[in-house]
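Heads up, the thing below is written out as structure tokens.
Reminder, nothing fancy here: chain letters follow the sequence lines and each chain counts from 1. On a predicted model such as this, the values are computed, not experimentally measured, just so you know.
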Amino acid sequence: MALPANVYKDLEDIVGSRNISGDPAVLDSYRYSLAHTAIHLGPFFDTFTPRGACVLLPGSTEEVRAIVELCNKHKIKFKASSTFWSAQGFPSEDDTIQLDMRRMDRILDIDKKNMFAVIEPGVIGATLQAEVMKVGLNTHIPGSGCSCSTLASATSYFGSGPSNLYGGWHYDNLLGLEWVMPTGEILRTGSLGQGCGWFCGEGPGPSMKGVARGFLGSKGSMGVYTKCAIKLFAWPGPECLPVEGTIPAYRTPLPDNFKAYTVAFPSWKAWADAAYAIWDAGIGYLAHRQFNMFGRDLKFAMVKILTDPTKTLSDLEELLADPEVQEITEQSKREFQIILVGMTKRDIEWQKKAFDEILERTGGWKVEAMDEPHIHDWVLLYMIRLGHKNLNLVFGGGYDGCFGLLGAADYGASNAEEAALFKKKWEKRGAIVDAGGDCMMGPIGGQGGGGTCLWENFTCFDSADRESTEGTFEFFDACTRFGLEKGWGVGMEKWNAVARGPDGKTTSKKKRDTIHLGSPQPSVFRYQHRVREAFNPNDLGDAYYETLDDT
Amino acid sequence: MNGKMTDLMNIVKEAEIIDDPAVIESFAHGYRGDVPMRPMFMVKPKNTDEVQKIVRWANETCTPLVPVSSGAPHLRGGTVPTAPGSVIVDLSGMDRIVKVDRRNRLALIEPGVTYTTLGPELKRHGLRIAMPLLPRKNKSVLTSLLEREPVVSPRYQWNMMEPLRALEIIWGNGDKFYSGGGVFRGEKEEDWKRGLVPVWGPGPGQLDFYKFVSAAQGSMGIVTWASVKCEVYPECRKLFFVPADRLEEAIEFVYLLLRYRFGDELFLMNKSCLAYVHARNADELESVKDTLPSWAVVVGITGGHILSKDRVEAREKDIRDIARGFGLKFIPQLRSLSGKEFGERIMRPCEEPYWKSRYSGEVQEVFFLTTLDRTPGFVAAMNEEADGLEYPAERIGVYLQPVHQGVGCHCEFIIPFDPDSRMDTRKTEELIRKSSLRLSDQGAFFSRPYGIWADMVYDRDAGTKTATKKIKEIFDPNNVMNPGKLCF
């Protein structure tokens, strides 16, 4: 259904004719496949999210406010997105107005002393990082990569990534926030609301930032966040990342106060022991199990390909047959990457010694092959910048995560092998990439200072192949059953499915209620329902804000 | 014994109910403009079930409840009843340290656990908790964290709620709720081994439930248990001072330490404040004060559990070099003030008398959040206000505590007064009132609005006031939890 002409005209008056479109071709470019984290589109899977009623590109908070007020007047649903990561950034209801926030892309302030930046939604991690490095600071880049909106990550979804450990995840980093609430009223949290600056998001008294986001954000279902301040952290490196090499083997040679290691362990218990010891010692700048996303059996061969511009994927088979590659693959089964960064020479020297001591105590070892200069510097660039998200899709054009065990290091470590074995059996059926079962990746330190890990098991497949595509969905269904059976809960392969059904549209209330009633604490969703009633009385978002009616 | 008391006794049979006039009267002191109300009686629940029954009873009978966890004296007025017929819910008897888990560095504590009891128990497990500066011996750890009291170690504060994590909450409507990772509360030892532990603070879900009870002065519900994140008890530690004649000279140095996250304990004090911490009584205080520099940065260095001495040595050299770069001295002894002794002192709760009250017997505080670079302006404004009222500005202790890894700074003025002098008391009250308004106009963020600050902040920010009232309506629809506080 097209918008009534008078509503379209009113919206056009707000944003200007260049920043609105109801053209079906344009609107179709604002649709997405149903996958949780990536693209599944192909000839055998072509279910899109619903087409929007129109798309708007607002240029200011005032314009956003006027749009939201108009939506309330006409009871039209709306959904804002900045860099459109996954189906969650797209509407699940027909005739929703889509707000593309890319025009609001200014870095409004960088407070060097107090270590924060004030940004608009269209500012991506790469831009912010490049700007703040000029003044000796860095920004946390979430796992979705540096092309994603920093504000969206901090306010609306999760915000976790390799630099959680030192930089804090974006939950930690979100300071003052400007929020056009679902009614069109503007809430400025913490010190901002008092006119005292952006440095604090909490209070006065009970913190209303807690309405804007919890463990997760509201995924575009509760108004529009138009500005925020993001906490930064020290960058004791050059003002600009030096980049050398040829695609895809770009690398960054950094001074001696930067050191990247890949370390491996004889058991998962030892792996977890090391994680705890690193957190206790307070060392490390970034720590992630990163390259295992290519799979336990393939990762080192893939690193060889990606660090050598003369090699392509077609060299994979040959590399896998190389005894040296096999040996390194075998020795790095249970590994992770860690980057130590010293603020001074003494600091890096102490961190290195402490890290060696941790390896000694836990029986771990450095994977020497990953210390080759061209690989070492490639790892630095990869981890610091997180600009290689295309590699998620490298094997067959399709990928998604499954399981996603989240908790203390012991939790994932005690279940990892079982999850890997389960996947390995499915890999042998041929639908998904045979990578060794364990393709689990995620942060060593899910929050500032450590304490938790995330274990996302990457599943790669060929999105242009019917058997592969259908087999992958069959595998995901099996993952969910297995996760429930093991008490892990529904894995990330189905996180999207709570709000959106297989037709791309909002899941039935009955189904959502069943899921929410089966959760460990259904009252979480009952309270979210009450908050939605209070703050979004016309219910102009979608089911990504998860609610359960009072009974 | 009134009817309500009898009713409640029948509901919570095991709980102690007290109507001793002396006890009841102790809660009825006015504070910063609050009109004091004598509570009806006090109830001391022993467990969560009793707390839940009390809150449900309060809803049925429209009885205001005022939760209290710390022992007297209560300095900020959060526990002064401001509605008639209130019942004090004294949680000090719920004082179990339920669990200390070394591996996950978590402690599960009830509201009656004080820093005095928690510290030694954590040490036994090789742990410690980032503490506020010299809390009273009977100060509830949980209250301190819920009220977002700043801690002396900003480097461990990845967010403003740290080190508070999961909570068990009885909301004002009587519901029991687990925030954060509280559903994994480790009731079985096996769960701890498998890593099913209450390590997350945020959420669960898309609301941040623990933020609704933070800095709420008990107006949203009663927290009956919390998990808190601990730090490794260091094998080796040292404490140094960096004296400065002017605050501005020290600030740039502190900023660099914050940026590098050097210094486990890191804060600034003027000489009055240093003297209040150091001296044992008023006589000693005056003689100590004259020997101290105008300002000092306090820097603690700890060595953790791995290569402890090496770490301390490396940090000491680095920080000394940094101080030298700013033309400052980095010294272990400040006249009669030994860094070692000072370090040991700030790692424990305060000995009696309470350090802020040592000068004149009583104290008022003005505190707020700002950024470190703006603090000299606030100090100047406070001094001007004091001069204007002929309050001796040299008495005012200034404590500047960087928070959230240096993004913000807690700025606190400690204003002693003689409670037996009507003039001194009146002057102090006037100073609090006038300076609060001026500092607020100047950009001070009164993030924890006690007493007269509540109207001041909520009148400035209608959006937050409206949102806060909506949240209150959801979690405490009958307004039984500490009515009259904040904007309720």
Side-chain angles (χ1 to χ4, degrees), chain A residues 113-116 168 171-172 175 185-188 191 193-194 196 199-200 202-211 213-218 231 234 276 280-282 343-344 346-347 350 353-354 357 407-411 414 448-449 451-452 520-521 523-524 527-528 530-531 534-535 545-546, chain B residues 103-104 148 156 158-160 175 177-178 183 194-197 199-200 202-209 211-216 220 229 232 255 259-260 304-307 310-311 314 317-318 369 371 373 406-408 443-449 457 460-461 463-464 467-468 470-471 474 486:
Chain A
K113 278 184 180 173
N114 299 301
M115 295 186 288
F116 65 84
Y171 170 89
D172 292 329
L175 307 173
E185 293 153 289
I186 296 177
L187 180 69
R188 295 183 176 89
S191 53
Q194 293 286 309
C196 302
F199 65 91
C200 179
E202 318 301 342
S207 177
M208 291 305 104
K209 201 171 83 179
V211 185
R213 84 157 280 179
F215 186 77
L216 293 172
S218 57
K231 178 173 167 288
Y276 283 109
D280 283 357
M343 298 298 145
T344 63
R346 291 184 192 104
D347 186 28
W350 179 79
K353 273 170 71 178
E357 177 71 21
D410 283 338
Y411 174 60
S414 57
T452 52
Q521 193 171 213
S523 57
V524 170
Y527 280 118
Q528 287 181 180
R530 291 182 205 175
V531 165
F535 288 84
Y545 193 73
E546 296 184 39
Chain B
R103 189 158 169 90
N104 289 289
R148 302 198 297 260
Y156 299 121
W158 270 269
N159 62 61
M160 291 293 288
D175 277 1
F177 188 86
Y178 296 101
V183 290
R194 290 169 58 213
L196 289 168
V197 298
V199 66
W200 288 102
Q206 293 162 296
L207 292 172
D208 219 357
F209 292 93
K211 288 189 176 169
F212 301 147
V213 285
S214 77
M220 291 286 184
K229 186 75 178 173
V232 173
Y255 266 126
R259 179 175 286 214
Y260 287 176
H305 71 309
I306 290 179
L307 304 176
D310 290 2
R311 183 177 187 271
K317 286 177 180 167
D318 273 340
L369 290 176
T371 51
D373 51 345
V407 170
F445 174 38
F446 287 81
S447 67
R448 300 185 288 146
V457 299
R460 278 172 190 263
D461 183 0
T464 294
T468 309
K470 284 181 182 177
I471 290 297
I474 290 168
L486 301 172

Checklist entry - A/Tyr411, A/Tyr276, A/Phe116: which one forms the most heavy-atom pairs within less than 4.5 Å of chain B? => result A/Tyr276
Checklist entry - Most heavy-atom pairs under 4.5 angstrom with chain B, which of A/Gly282, A/Cys200, A/Ala409? => result A/Cys200
Checklist entry - What part of B/Tyr255 is in contact with chain A, defined as an atom under 4.5 angstrom from a non-hydrogen atom: side chain, backbone, both or neither? => result side chain
Checklist entry - What is the minimum heavy-atom distance between A/Gln528 and B/Leu207, and which atoms define it? => result OE1-N, 3.5 Å
Checklist outcome for this item: Closest non-hydrogen contact found for B/Asn104 with A/Ala408 is OD1-CB, 3.4 Å
Item to check | Residue selection (most heavy-atom pairs with chain A, distance under 4.5 Å) from B/Ser447, B/Gly408, B/Ala216, B/Gly304 | outcome: B/Ser447
Checklist entry - So, do A/Lys113 and B/Thr371 sit near enough that their side-chain heavy atoms are less than 4.5 Å apart? => result no
Checklist entry - So which of A/Arg530, A/Lys231, A/Met115 has the largest heavy-atom pair count under 4.5 angstrom toward chain B? => result A/Lys231
Checklist entry - Can you say whether A/Phe199 sits under 4.5 Å from chain B via the side chain, the backbone, both, or neither, judging by heavy atoms? => result both
Next on the checklist: Given heavy-atom pairs under 4.5 angstrom as the criterion, report whether the side chain, backbone, both or neither of B/Val457 touches chain A.
Outcome noted: both
Next on the checklist: Tell me which of these, B/Ala444, B/Pro449, B/Gly463, has more heavy-atom pairs under 4.5 Å with chain A than the rest.
Outcome noted: B/Pro449
Checklist entry - Any idea which heavy atoms bring B/Leu486 and A/Pro206 closest together, and the distance? => result CD1-CD, 3.6 Å
Item to check | Residue part contacting chain B, namely of A/Leu216, when any heavy atom lies under 4.5 Å | outcome: both
Checklist entry - chain B heavy atoms under 4.5 Å from A/Ser414: which part of the residue, side chain, backbone, both or neither? => result side chain
Item to check | Over 12 non-hydrogen atoms of neighbours within 6.0 angstrom of NZ in B/Lys470 | outcome: yes
Checklist outcome for this item: In terms of heavy-atom pairs under 4.5 Å with chain A, the winner among B/Gly195, B/Pro202, B/Gly443 is B/Pro202
Next on the checklist: Under 3.5 Å, is there a donor on one side chain and an acceptor on the other for A/Asp347 and B/Tyr260?
Outcome noted: no
Next on the checklist: Which atoms of A/Glu357 are under 4.5 Å from chain B, going by heavy atoms: the side chain, the backbone, both sets, or neither?
Outcome noted: side chain
Next on the checklist: Given heavy-atom pairs under 4.5 angstrom as the criterion, report whether the side chain, backbone, both or neither of B/Val407 touches chain A.
Outcome noted: both
Item to check | Top contributor to chain B interface from A/Leu187, A/Asp280, A/Val524 [non-hydrogen pairs under 4.5 Å] | outcome: A/Asp280
Item to check | Proximity breakdown for A/Ser191 and chain B, heavy-atom pairs closer than 4.5 Å | outcome: both
Next on the checklist: side chain to side chain contact (heavy atoms under 4.5 Å, CB included) for B/Ile471 and A/Val531? Distances and angles first, verdict last.
Outcome noted: CA-CA 7 Å; B/Ile471 290 297; A/Val531 165; 4.2 Å; yes
Next on the checklist: On a heavy-atom basis, which atom in B/Trp158 and which in A/Gly168 lie closest, and how many Å separate them?
Outcome noted: CD1-CA, 3.7 Å
Checklist entry - Highest number of heavy-atom pairs under 4.5 Å with chain A: which of B/Met160, B/Arg311, B/Arg194, B/Arg448? => result B/Arg311
Item to check | Donor-acceptor pair, side chain of A/Trp350 and main chain of B/Leu307, under 3.5 angstrom | outcome: yes
Checklist entry - Can you say whether B/Phe209 sits under 4.5 Å from chain A via the side chain, the backbone, both, or neither, judging by heavy atoms? => result side chain
Checklist outcome for this item: Counting heavy-atom pairs under 4.5 Å with chain B, the top scorer among A/Ser218, A/Ser523, A/Gly193, A/Pro520 is A/Gly193
Next on the checklist: Please classify the contact between B/Val199 and chain A as side chain, backbone, both or neither, with a heavy-atom cut-off of under 4.5 Å.
Outcome noted: both
Next on the checklist: Please find the pair of heavy atoms, one from B/Arg259 and one from A/Ala234, that lie closest to each other, and give the distance.
Outcome noted: O-CB, 3.3 Å
Checklist entry - Side chain of A/Gln521, backbone of B/Val183: donor and acceptor closer than 3.5 Å? => result no
Next on the checklist: Quick check on the interface: out of B/Tyr156, B/Phe177, B/Phe446, who has the most heavy-atom pairs with chain A under 4.5 Å?
Outcome noted: B/Phe177
Checklist entry - If you tally heavy-atom pairs under 4.5 Å against chain B, which of A/Ala534, A/Gly449, A/Gly451 wins? => result A/Gly449
Checklist entry - Considering only heavy atoms, which portion of B/Ile306 lies under 4.5 Å from any heavy atom of chain A: side chain, backbone, both, or neither? => result both
Checklist entry - Which atom names give the shortest non-hydrogen contact between A/Arg213 and B/Asp208, and what distance separates them? => result O-CB, 3.5 Å
Checklist entry - Can you tell which of B/Lys229, B/Lys211, B/Lys317, B/Gln206 has the highest number of heavy-atom pairs within less than 4.5 Å of chain A? => result B/Gln206
